[in-house]
Amino acid sequence: QVQPVESGGGSVQAGGSLKLSCAASAPTLNKRCVAWFRQVPGEQRRGNAIAVIDQNGDTNFDDSVKGRWRISQDFATNYVFLEMNNLKPEDTGAYFCAADYRRHFCVWGADYFQYWGQGTQVTVSS
């Protein structure tokens, strides 16, 4: 496995959309969970995920983004995408992609993830 690499951050006005990409490794023995985490200034990055997807395509979202965002994966390229719609100023932060290859299912806590990207900044202005 390799360290995930994020791309696609930027600045947008409230109500706009962004799509983040994460280049991850292929599942190992049919095990992979990829998650997105957010870090805001003054807070720790490690907490609970914002969105997760396992190798079967099962997804889950934090209540703050449910219904607005979508997470998907492309096994041909091993990219995981986070489509962020109807963005709000409180969505602002550094977004990190993380991957775990030890389980068939996803967990939420940051401590469960093995590999982390360097992060990409998302800024939403009001």
Side-chain angles (χ1 to χ4, degrees):
Q1 283 74 28
V2 298
Q3 182 180 20
V5 179
E6 307 95 337
S7 60
S11 297
V12 65
Q13 289 192 326
S17 298
L18 284 174
K19 184 175 182 179
L20 304 185
S21 300
C22 173
S25 296
T28 300
L29 299 176
N30 202 33
K31 299 176 183 179
R32 187 180 79 175
C33 176
V34 177
W36 289 93
F37 289 80
R38 176 173 62 214
Q39 183 180 21
V40 299
E43 294 184 4
Q44 292 183 347
R45 180 188 68 192
R46 293 183 176 267
N48 287 334
I50 297 296
V52 300
I53 186 167
D54 67 19
Q55 74 287 341
N56 295 321
D58 291 331
T59 63
N60 212 340
F61 299 88
D62 184 83
D63 286 344
S64 65
V65 305
K66 200 171 290 184
R68 297 190 293 128
W69 295 8
R70 179 174 178 265
I71 188 170
S72 61
Q73 59 194 350
D74 180 350
F75 287 118
T77 61
N78 285 315
Y79 269 86
V80 173
F81 303 102
L82 184 66
E83 297 175 54
M84 311 162 71
N85 301 307
N86 191 18
L87 282 160
K88 303 177 180 181
E90 52 264 40
D91 296 322
T92 293
Y95 283 77
F96 295 84
C97 178
D100 175 75
Y101 299 90
R102 295 167 294 185
R103 301 172 181 84
H104 292 288
F105 53 89
C106 283
V107 291
W108 286 98
D111 290 344
Y112 290 98
F113 287 85
Q114 298 171 282
Y115 302 95
W116 290 80
Q118 293 300 309
T120 185
Q121 179 68 31
V122 171
T123 303
V124 184
S125 58
S126 57

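Bear in mind the structure is a predicted one, so any value in this text is a computation, not a measurement. Position 1 is the first residue of the sequence, and the numbers go up from there.
Taking the side chain as every heavy atom from C-beta outward, N48 and R38 never approach each other to under 4.5 Å. Within the 4.5 Å cutoff, the side chain of V5 has no heavy atoms near those of the Q3 side chain. At a threshold of 4.5 Å between non-hydrogen side-chain atoms, the residues F105 and N56 do not count as touching. Proximity of R102 to L29: side-chain heavy atoms (C-beta onward) are nowhere separated by under 4.5 Å.
Distance check, rounded to the nearest 0.5 Å: CH2 of W69 to NZ of K19 gives 15.0 Å. In this structure, CH2 on W36 lies 6.0 Å from CG on L82, to the nearest 0.5 angstrom. For the atom pair S7 OG and Q118 CD, the distance stands at 13.5 Å (nearest 0.5 Å). If you take CG on L18 and CE on M84, they are separated by 6.0 Å, rounding to the nearest 0.5 Å. If you take CD on Q13 and OG on S126, they are separated by 9.0 Å, rounding to the nearest 0.5 Å. Atoms SG and CG, on C97 and L20 in that order, are 9.5 Å from each other to the nearest 0.5 Å.
The existence of a salt bridge linking R68 and D91 is confirmed by a sub-4.0 Å separation between a basic side-chain nitrogen and an acidic carboxylate oxygen.
For T59, the side chain to side chain contact (heavy atoms under 4.5 Å, CB included) partners two or more places apart in sequence, or in a different chain, are I53, F61, I71. Residues that satisfy the side chain to side chain contact (heavy atoms under 4.5 Å, CB included) test with S17, not counting sequence neighbours, are N85.
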Side chain to side chain contact (heavy atoms under 4.5 Å, CB included) evaluation trace for C106 with Y112:
CA-CA 9 Å; C106 283; Y112 290 98; over 6 Å; no
Side chain to side chain contact (heavy atoms under 4.5 Å, CB included) between V80 and R32, worked out
CA-CA 11 Å; V80 173; R32 187 180 79 175; 4.0 Å; yes
Show, in sequence, the C-alpha distance, side-chain angles and deciding distance for E83 and S72, and conclude whether the side chain to side chain contact (heavy atoms under 4.5 Å, CB included) test is met.
CA-CA 8 Å; E83 297 175 54; S72 61; 4.2 Å; yes
With side chain to side chain contact (heavy atoms under 4.5 Å, CB included) as the criterion, how do F96 and T120 come out once you've worked through the C-alpha distance, each side chain's angles and the decisive distance to 0.1 Å?
CA-CA 7 Å; F96 295 84; T120 185; over 6 Å; no
Could you walk me through whether D54 and K31 satisfy the salt bridge (Lys or Arg N to Asp or Glu O under 4.0 Å) test, starting with their C-alpha distance in whole Å, then the side-chain angles of each, then the deciding distance to 0.1 Å, before giving a yes or no?
CA-CA 8 Å; D54 67 19; K31 299 176 183 179; over 6 Å; no
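In this structure a side-chain-to-backbone donor-acceptor pair under 3.5 Å is present from T92 to V124.
In the hydrophobic clustering of this structure, Y95 groups with L87; members are Ile, Leu, Val, Met, Phe, Trp, Tyr whose side-chain heavy atoms approach within less than 4.5 Å, directly or through other members.
Relative orientation of the Y115 and Y101 rings is perpendicular, given thresholds of 30° and 60° on the angle between their planes. Between F37 and W116, the angle of the ring planes lies from 30° to 60°, which puts this pair in the tilted group.
Smallest separation of non-hydrogen atoms from A24 and V34: CB-CG2, 4.3 Å. Closest heavy-atom contact between P27 and Q55: CG-CB, 4.2 Å.
Other residues, nucleotides and ligands contribute at most 12 non-hydrogen atoms within 6.0 Å of the OH atom of Y79.
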